[in-house]
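Given the structure is predicted, the values throughout are model-derived calculations rather than measurements. We're numbering straight along the sequence, starting at 1.
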Amino acid sequence: MIHTSIHSVDNPAEPGELAVAIRVGQYMLARYGTVDSSDIFAYAQAHGGLAEALRIVLRALGAKLVAEQQAAPRCPAAHPDDPTPCDGSAVVTVLDAANAGADGCERHAARLLASLDGGRVYALPDAPAGAAIRVFKTAGTTRPFAWTERGGGQ
């Protein structure tokens, strides 16, 4: 039993959806609000966490998530700021120097690999022949963080 200055409550009310959503949002912001932008995997994790917190808050407010329904799914190797669509299904895994990895389509895997120091690429078991080699070669001619504008939007 909880005693308050006004009355006793046998069953305290469950927090409402909005209160829970606010707590989740506060937690996610505290956890992912600041990320080292040179760590691409931490950046992607932070983006996912904050995006999910925002979805929870919007649902609690009764907002319809139209953009979420229209957005095409993207491979895990796609950087959140990279606007390009996937060029197929995930066919390779890109690993960084610490062996953290992400599966990706050839386009996003090449862009990710080009942005890593000491990265490696491995074909998934059902990948078409030569997928990892194509990603490796493309990464060699792709500038790091290719989705950012440099030198006047090149």
Side-chain angles (χ1 to χ4, degrees), residues 1-127 131 135 139 142-150 153:
M1 180 178 288
I2 297 175
H3 297 282
T4 66
S5 60
I6 299 173
H7 62 281
S8 296
V9 179
D10 288 327
N11 292 321
E14 290 287 323
E17 285 184 29
L18 184 57
V20 171
I22 289 170
R23 277 192 240 143
V24 169
Q26 289 170 329
Y27 171 80
M28 292 297 196
L29 189 57
R31 174 89 164 89
Y32 299 117
T34 305
V35 175
D36 178 9
S37 62
S38 66
D39 183 350
I40 197 162
F41 293 107
Y43 190 84
Q45 184 180 27
H47 174 78
L50 293 172
E52 185 59 26
L54 183 57
R55 281 187 204 98
I56 291 169
V57 169
L58 290 173
R59 280 189 204 112
L61 293 172
K64 190 173 181 181
L65 303 177
V66 176
E68 184 179 73
Q69 297 167 351
Q70 294 173 348
R74 297 189 349 131
C75 68
H79 190 279
D81 292 339
D82 186 347
T84 60
C86 289
D87 64 357
S89 61
V91 293
V92 297
T93 298
V94 176
L95 298 175
D96 68 6
N99 286 330
D103 293 346
C105 66
E106 289 189 31
R107 171 183 288 141
H108 293 122
R111 287 173 164 226
L112 175 58
L113 186 61
S115 303
L116 294 173
D117 287 327
R120 301 171 316 284
V121 62
Y122 296 95
L124 293 174
D126 58 344
V135 167
T142 302
R143 68 177 172 78
F145 305 99
W147 53 92
T148 60
E149 292 188 48
R150 291 187 186 168

Under 3.5 Å, which donor-acceptor pairs do the side chains of residues 22-30 form with other protein atoms, sequence neighbours left out?
none

Please enumerate all residues that pass side chain to side chain donor-acceptor pair (under 3.5 Å) together with Thr93, with sequence neighbours excluded.
Asp103
Determine yes or no for a side-chain-to-main-chain donor-acceptor pair under 3.5 angstrom, with Arg74 supplying the side chain and His79 the backbone.
yes
Just by modelled atom types, is the Arg111 backbone N or O under 3.5 Å from a matching donor or acceptor in the Thr142 side chain?
no
With rounding to the nearest 0.5 Å, note down the distance linking CG in Leu116 to CZ in Phe145.
7.5 Å
Shortest non-hydrogen contact between Cys75 and Gly104, atoms and distance
SG-CA, 3.7 Å
Contacts of type side chain to side chain donor-acceptor pair (under 3.5 Å), residue Asp87, not counting sequence neighbours:
none
Inter-residue atom distance Leu61.CG - Ile56.CD1, 0.5 Å rounding
12.0 Å
Partner set under side-chain contact (heavy atoms from CB on, under 4.5 Å) for Ala60, not counting sequence neighbours
Glu17, Leu18, Ala21
Could you give the distance from OG (Ser115) to CZ (Arg143), rounded to the nearest 0.5 Å?
9.0 Å
On a heavy-atom basis, which atom in Cys105 and which in Gly88 lie closest, and how many Å separate them?
CB-O, 3.4 Å
Please enumerate all residues that pass side chain to side chain donor-acceptor pair (under 3.5 Å) together with Thr84, with sequence neighbours excluded.
Asp82, His108
Set of side chain to side chain donor-acceptor pair (under 3.5 Å) partners for Asn99, sequence neighbours left out:
Arg120
Could you tell me which non-hydrogen atom of Ala139 sits nearest to which non-hydrogen atom of Ala110, and how far apart they are?
CB-O, 3.5 Å
Which atom pair, heavy atoms only, marks the closest approach of Asp117 to Ala97?
O-CB, 3.9 Å
